Q: 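This is the structure I want to talk about, given as structure tokens.
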Amino acid sequence: MLVNLLKDRFLSDLKELIKKNKKDDGKSGASLDKIFKSIRLEEPKNKEFGDLTTNAAMVLSSYVKKKPMDFAEEVRSGIFSKWKMDESVAIINPGFINFNLKDRAIIENLNQVFIEDKNYGGNNSGAGRKIQIEYVSSNPTGSLHIGHGRWGVLGDVLSAIYVRNGYDVQREYYVNDYGTQAKIFAACAKSLYLKKFGVRFAYPQDGYPETAVSIVAEKLYKDYGDKFITSSSEAITDDIAIEKNAIDIMLAFIRNTLSSIGVEFDNWFVESSLYENNNFEKVIKFLKDNSLVYEQENALWFKSTNYGDDKDRVIIRSDGNPTYFASDIMYLINKKERGFDSLIYILGADHHGYISRLKAIGKSIGMADDAVSIIIGQLVRLVEGKEVLKMSRRKGRGMTLDDLAKDVGKDAIRYFFSMNSFDTHMDFDISLAKKKSSQNPVFYVQYAHARIGSIIRKLKEIKLDNIGEKEINEIENSSAVFCVEVLKNLKSFEFKNNSERNLAWVVSLFPDIVYDACKNNAPYFLTQYLYRLSGEFHYFYNHNIIISRNKANIKRLVLALAAKTVLKNGLGILGISAPEKM
RNA sequence: GCGCUUGUAGCUCAGCUGGAUAGAGCUACGGACUUCUAAUCCGUAGGUCGGGGGUUCGAAUCCCUCCAAGCGCACCA
């Protein structure tokens with residue numbers, strides 16, 4: 001990491017400087033920590049101000065009782081002048097400290113790309129920590145809608161980001177196969193299934209749309225024939241088997257759809273398993289023993305208000321049946337027992353009411369406050385031109401995720417859904433998504449990668465004076481270690497122009513982006529970064545010739561190869577292909 | 001009625017743990033292929049940051065209020 005490491009170093013140097021500056025009165029430690037949290041070392045909005053900027057002098061001025069400009073001067077002489085990496089340090093009113101890195105410092109960073117190669121971008125900040133991310137978890141009672149695609153992609157990419165940060169990640173899908181909705185779905189399937197045999201069984205009034213169910217009934221019939229009919233004349237069926245198989249079939253459809261856009265899970269957790277081995281009774285006993293519940297009007301209530309929820313919740317209804325919330329409790333206890341350090345739930349905005357109650361459960365069973373984090377993803381609205389298409393899953397209208405996946409393709413869908421923050425209410429323009437035009441930024445990024453691919457092909461075609469077989473082989477196997485030597489042997493490396501330097505700079509930022517994307521649970525950092533990198537590369541490509549006649553400009557080639565590795569690794573995290581040719 | 005989220009350029013979005021002239025892309029208009037892929041590049045145009053108050057040296061960012069949109073407020077799952 002470049003920026004984050006520099007920042008750490010800067011902050012610790014700054015602490016030293018302040019110690020010298022001010023006699024510690026022993027009381028100010030806490031407030032100083034607070035001030036330090038608002039210190040930034042980052043790229044300025046405007047490139048003219050340099051590579052990096054810090055607000056430290058302004059933030060600290062009142063603490064050290066000095067004018068920002070004066071303290072900035074001390075920071076410059078006391079810290080930055082001792083760093084050998086910085087080039088020029090400017091202090092600008094009202095107290096910004098701006099500086100540029102020496103070209104050599106950027107080059108040394110570039111070396112890491114070739115040393116770490118496929119692992120470049122990753123770090124070990126999460127080493128030894130087990131984290132679970134649960135996402136999609138749509139009821140297996142119908143096909144997925146487009147919103148599910150968004151959670152799926154975001155969950156998948158977020159998982160990949162955590163993996164790259166050294167975490168031990170488990171991706172989980174929670175299957176609601178228990179309770180009334182599953183029963184209703186099974187009854188729908190049964191009705192359509194029996195129809196095949198000319199037997200009438202009323203379709204539930206509040207049932208699911210037939211379009212979704214009919215695929216399931218069709219498959220039940222095709223795969224099992226009359227297996228579920230236990231008595232021919234009365235049309236008596238094995239309802240338990242129908243329910244189980246209907247749900248399994250639906251789940252297989254869901255799995256296929258998700259798989260078609262590259263969204264996979266390590267674990268498909270079945271709700272009904274929570275009720276095995278008298279677990280329900282055990283959990284209820286546990287809750288009673290810990291005085292977390294009370295009885296009222298024949299129902300059993302969970303005291304969630306004690307833990308920050310806005311109302312208490314029923315666990316066992318007055319008719320004796322457990323509520324969905326009971327499953328939530330058992331599920332969270334189960335997750336805790338599996339030994340995760342932290343849990344992430346990605347929920348659709350239609351479930352935001354869950355935040356407080358899930359957190360309440362977590363607290364009540366003694367989990368740390370920040371151990372359970374819930375990410376709310378806003379819904380996707382379908383738009384065609386200017387017309388808003390109301391989608392309703394229960395009514396079976398609107399485009400399904402499966403339709404979209406087939407229309408748009410995996411790469412575009414993943415890029416599109418990774419582009420925005422979770423909080424964005426997205427409008428998904430179907431007609432735009434279907435266009436495979438340059439309006440779709442995924443091509444822009446992929447094209448950058450493919451262009452470098454074509455440089456490599458050119459290298460092979462032409463006999464070059466300064467690049468041998470060995471190097472070309474290395475490049476082809478995408479393990480261009482020779483670049484490390486090239487970079488090391490450059491006696492005085494300076495960038496010829498801004499496009500070279502900017503490209504190298506952006507390449508060097510990749511590990512910071514992977515780190516920050518994780519800290520902020522923000523997959524879109526990556527997407528935006530890759531777009532920026534691609535832009536930087538396209539500019540570089542248009543302004544610098546790498547191969548002329550029978551000679552390659554080695555420095556530029558190294559730069560292009562570094563960019564290629566980062567593009568490939570970045571697209572890899574997004575789960576998007578990095579084509580050699582387009 | 002209460003709560004969560006959002007409101008930034010014609011469109012889609014960044015920026016929101018306060019900082020320097022508010023940034024990209026798409027669209028529109030004008031340029032660049034005898035040279036490693038023009039799915040690219042360069043340039044121009046486009047903004048009362050939903051409205052109004054407040055806090056501050058400084059507000060798109062924090063607070064209050066109003067308006068608008070989406071979504072929730074079950075002994076449904």
Side-chain angles (χ1 to χ4, degrees), chain A residues 34 37-38 40 44-46 48-49 53 55 58-59 61 68 92-96 98 139 141 176 178-185 206 271 296-301 310-311 313-325 327-328 348-356 376-381 383 386 416 419-429 432 436-448 450-459 461-462 524-525 527-528 531-532 534-535 537-549 552-553 556-557 560 581-582:
Chain A
K34 208 177 166 189
K37 274 186 187 156
S38 56
R40 307 258 172 277
K45 281 181 193 166
N46 192 330
E48 286 169 27
F49 293 123
T53 183
N55 60 352
M58 289 178 291
V59 172
S61 73
I92 290 171
N93 232 326
F96 292 101
N98 303 329
N139 286 3
T141 52
N176 302 109
Y178 191 87
T180 30
Q181 292 307 314
K183 292 247 172 341
I184 292 172
F185 181 69
D206 54 349
E271 182 186 7
Q296 189 180 310
E297 292 167 17
N298 283 329
L300 191 69
W301 296 72
D310 46 359
K311 59 181 78 165
R313 310 279 169 184
V314 170
I315 302 178
I316 303 178
R317 284 181 261 165
S318 47
D319 65 6
N321 286 316
T323 63
Y324 189 75
F325 189 63
S327 295
D328 283 340
D350 51 344
H351 285 73
H352 73 251
Y354 279 54
I355 301 176
S356 50
I376 294 299
Q378 291 302 320
L379 298 172
V380 179
R381 208 168 58 149
V383 173
K386 279 191 173 176
F416 206 94
M419 256 165 54
N420 306 127
S421 78
F422 283 98
D423 285 337
T424 306
H425 296 246
M426 259 184 82
D427 277 349
F428 195 105
D429 189 330
L432 186 67
K436 291 191 174 172
S437 71
S438 58
Q439 289 178 353
N440 198 332
V442 69
F443 298 117
Y444 186 79
V445 177
Q446 289 182 318
Y447 186 50
R451 269 184 150 176
I452 306 170
S454 93
I455 296 172
I456 295 171
R457 279 193 297 279
K458 193 83 182 175
L459 286 179
E461 260 174 55
I462 305 172
Y524 73 93
F525 281 17
T527 321
Q528 288 191 339
Y531 195 87
R532 178 182 173 192
S534 304
F537 175 77
H538 285 308
Y539 181 91
F540 167 85
Y541 182 92
N542 271 285
H543 292 82
N544 298 285
I545 289 173
I546 295 171
I547 302 167
S548 56
R549 298 218 177 94
N553 182 319
R556 288 177 184 165
L557 178 63
K581 205 188 243 183
M582 276 172 83

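It should be emphasised that the depicted structure is a prediction, and the values quoted were computed from it without experimental measurement. Letters A, B, ... are given to chains in the order of the sequence lines, protein chains preceding strands, and every chain is numbered from 1.
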Q: Name the nucleic acid region contacted by Asn98(A), choosing base, sugar-phosphate or nothing; use a 4.0 angstrom heavy-atom cut-off, strictly under.
A: base
Q: Take atom C1' in C16(B) and the same atom in C49(B), then report the distance between them in whole Å.
A: 11 Å
Q: Run Ile184(A) and Asp206(A) through side-chain contact (heavy atoms from CB on, under 4.5 Å) and show every step you take.
A: CA-CA 8 Å; Ile184(A) 292 172; Asp206(A) 54 349; 3.8 Å; yes
Q: Under 4.0 Å between any heavy atoms, over every strand shown, what does Glu271(A) touch: base, sugar-phosphate, or nothing? Just pick one.
A: nothing
Q: Could you tell me how far G58(B) sits from G18(B) if I compare only their C1' atoms? Round to whole Å.
A: 8 Å
Q: What is the nucleic acid contact for Glu297(A), judged by heavy atoms within less than 4.0 Å: base, sugar-phosphate only, or nothing?
A: base
Q: Rounded to whole angstroms, how far apart are CD on Gln378(A) and P on C71(B)?
A: 10 Å
Q: Which whole-number value in Å describes the distance from Lys311(A) NZ to C75(B) C1'?
A: 12 Å
Q: If you check the Tyr541(A) side chain, which of C41(B), C36(B), G19(B) turns out closest?
A: C36(B)
Q: Check every strand shown and say whether Ile455(A) touches a base, only sugar-phosphate, or nothing at a heavy-atom separation below 4.0 Å.
A: sugar-phosphate
Q: Please state the C1' separation for the pair U55(B) and C62(B) - nearest whole angstrom.
A: 8 Å
Q: Considering every strand and a 4.0 Å limit on heavy-atom distances, what is the contact class for Asp328(A): base, sugar-phosphate, or nothing?
A: nothing
Q: Would you check if there is a donor-acceptor pair between the side chains of Asn55(A) and Arg40(A) at a distance under 3.5 Å?
A: no
Q: Considering only G72(B), A24(B), A77(B), which nucleotide approaches the side chain of His351(A) most closely?
A: A77(B)
Q: Given C36(B), A77(B), C13(B), identify the nucleotide with an atom nearest to the side chain of Asn420(A).
A: C13(B)
Q: Quick check for you: among G25(B), C75(B), C41(B), whose closest atom lies nearest to any side-chain atom of Ala299(A)?
A: C75(B)
Q: Do the side-chain N and O atoms of Tyr354(A) and Asp328(A) include a donor-acceptor pair separated by under 3.5 angstrom?
A: no
Q: Does Arg451(A) have a side-chain nitrogen or oxygen under 4.0 Å from the phosphate oxygens OP1 or OP2 of A38(B)?
A: yes
Q: Of the nucleotides A20(B), A77(B), U40(B), which has the atom closest to the Pro44(A) side chain?
A: A20(B)
Q: Please check the phosphate of G15(B) (OP1 and OP2 only) for any side-chain N or O of Arg40(A) closer than 4.0 Å.
A: no
Q: Over all strands shown, is Ala552(A) touching base, sugar-phosphate only, or nothing at heavy-atom distances under 4.0 angstrom?
A: nothing
Q: Give me the distance, rounded to whole Å, that separates G25(B) from G19(B) when you measure between the P atoms they each carry.
A: 23 Å
Q: Verify the contact: side-chain N or O of Thr323(A) to OP1 or OP2 of C75(B), cut-off strictly under 4.0 Å; return yes or no.
A: no
Q: Quote, to the nearest angstrom, the P distance that separates G50(B) from U35(B).
A: 49 Å
Q: Starting from the 5' end of RNA chain B, give me the residue, Met419(A) or Arg457(A), whose nearest nucleotide shows up first.
A: Met419(A)
Q: Specify the separation, in whole Å, of atom CG of Asn544(A) and atom P of C42(B).
A: 13 Å
Q: I'd like to know if the side chain of Asp319(A) reaches the main chain of Asn321(A), judged simply by a donor and an acceptor atom lying under 3.5 Å from each other, with no hydrogens or angles considered.
A: yes
Q: For Tyr444(A) together with Tyr531(A), are the ring centres under 6.0 Å from each other?
A: yes
Q: Side-chain donor-acceptor pair under 3.5 Å between Ser327(A) and Glu271(A), yes or no?
A: yes
Q: Can you tell me how far C1' in G47(B) sits from the matching atom in G53(B), rounded to whole Å?
A: 23 Å
Q: I want to verify a distance call: between A38(B), G72(B), A77(B), whose nearest atom is closest to the Tyr354(A) side chain?
A: A77(B)
Q: Over all strands shown, is Ser421(A) touching base, sugar-phosphate only, or nothing at heavy-atom distances under 4.0 angstrom?
A: sugar-phosphate
Q: Any idea which of G19(B), A77(B), G70(B) is nearest the Thr180(A) side chain?
A: A77(B)
Q: Heavy atoms under 4.0 Å, any strand shown: does Asn46(A) hit a base, just sugar-phosphate, or nothing?
A: base
Q: Return the value, rounded to whole Å, for the distance between atom CZ of Phe537(A) and atom C1' of U40(B).
A: 10 Å
Q: Does Thr424(A) reach the main-chain N or O of Met426(A) with its side chain, forming a donor-acceptor pair under 3.5 Å?
A: no
Q: What nucleotide, of C75(B), C41(B), U21(B), holds the atom closest to the side chain of Tyr539(A)?
A: C41(B)
Q: Round to the nearest Å and state the distance from Lys45(A) atom NZ to A59(B) atom P.
A: 13 Å
Q: Given atom NZ of Lys37(A) and atom C1' of G18(B), what is their separation to the nearest angstrom?
A: 17 Å
Q: Suppose we call a contact any N or O donor and acceptor under 3.5 Å apart; does that hold for the side chain of Ser327(A) and the base of A77(B)?
A: no
Q: Does any N or O in the side chain of Arg556(A) come within less than 3.5 Å of the main-chain N or O of Ile545(A), such that one atom is a donor and the other an acceptor?
A: yes
Q: Measure from the side chain of Thr424(A), starting at C-beta and using heavy atoms only, and say which of U17(B), A14(B), G19(B) lies closest.
A: A14(B)
Q: So what is the 5' to 3' dot-bracket string for RNA chain B, if pairs are Watson-Crick or G-U wobble with both distances under 3.5 Å, crossing pairs use [ ] and | means the partner sits on another strand?
A: (((((((..((((.........)))).(((((.......))))).....(((((.......))))))))))))....
Q: Take atom CD1 of Ile452(A) and atom P of A39(B), then tell me their distance rounded to the nearest Å.
A: 16 Å
Q: When you compare the ring of Phe49(A) with the six-membered ring of A20(B)'s base, are the centres less than 5.5 Å apart and the planes under 30° from each other?
A: yes
Q: Measure the acute angle between the ring planes of Tyr541(A) and Phe537(A), then classify it against the limits of 30° and 60° as parallel, tilted or perpendicular.
A: tilted
Q: Is the phosphate of A39(B) approached by Tyr447(A) (side-chain N or O, under 4.0 Å from OP1 or OP2)?
A: yes
Q: Among C76(B), A14(B), C42(B), which nucleotide sits nearest the side chain of Gln528(A)?
A: A14(B)
Q: Rounded to the nearest Å, what distance is computed from the NE2 atom of residue His543(A) to the C1' atom of nucleotide A32(B)?
A: 10 Å
Q: If each of Ile355(A) and Asn93(A) is mapped to the nucleotide of RNA chain B with the nearest heavy atom, which maps nearer the 5' terminus, i.e. the 5' end?
A: Ile355(A)
Q: Specify the closest pair of heavy atoms between Gly95(A) and Pro68(A), including all atoms of both residues, with the distance to one decimal.
A: CA-CB, 4.4 Å
Q: Answer yes or no: does a side-chain N or O of Tyr531(A) lie under 4.0 Å from OP1 or OP2 of G23(B)?
A: no
Q: Check Ser318(A) against Ala299(A) and note the closest heavy-atom contact, atom names and distance.
A: N-CB, 4.0 Å
Q: If the glycosidic angle is within 90 degrees of 0 it's syn, otherwise anti, so just tell me which one C33(B) is.
A: syn
Q: Any base atoms under 4.0 Å from His352(A), or only sugar-phosphate, or nothing? Heavy atoms, all strands.
A: base
Q: Which is true for Asp350(A) with a 4.0 Å heavy-atom rule: it touches a base, it touches only sugar-phosphate, or it touches nothing?
A: sugar-phosphate
Q: So, OP1 or OP2 of A14(B): does either fall under 4.0 Å of a side-chain N or O from Arg532(A)?
A: no
Q: Do you know which two heavy atoms are closest between Ile452(A) and Ala560(A), and how far apart they sit?
A: CD1-O, 3.4 Å
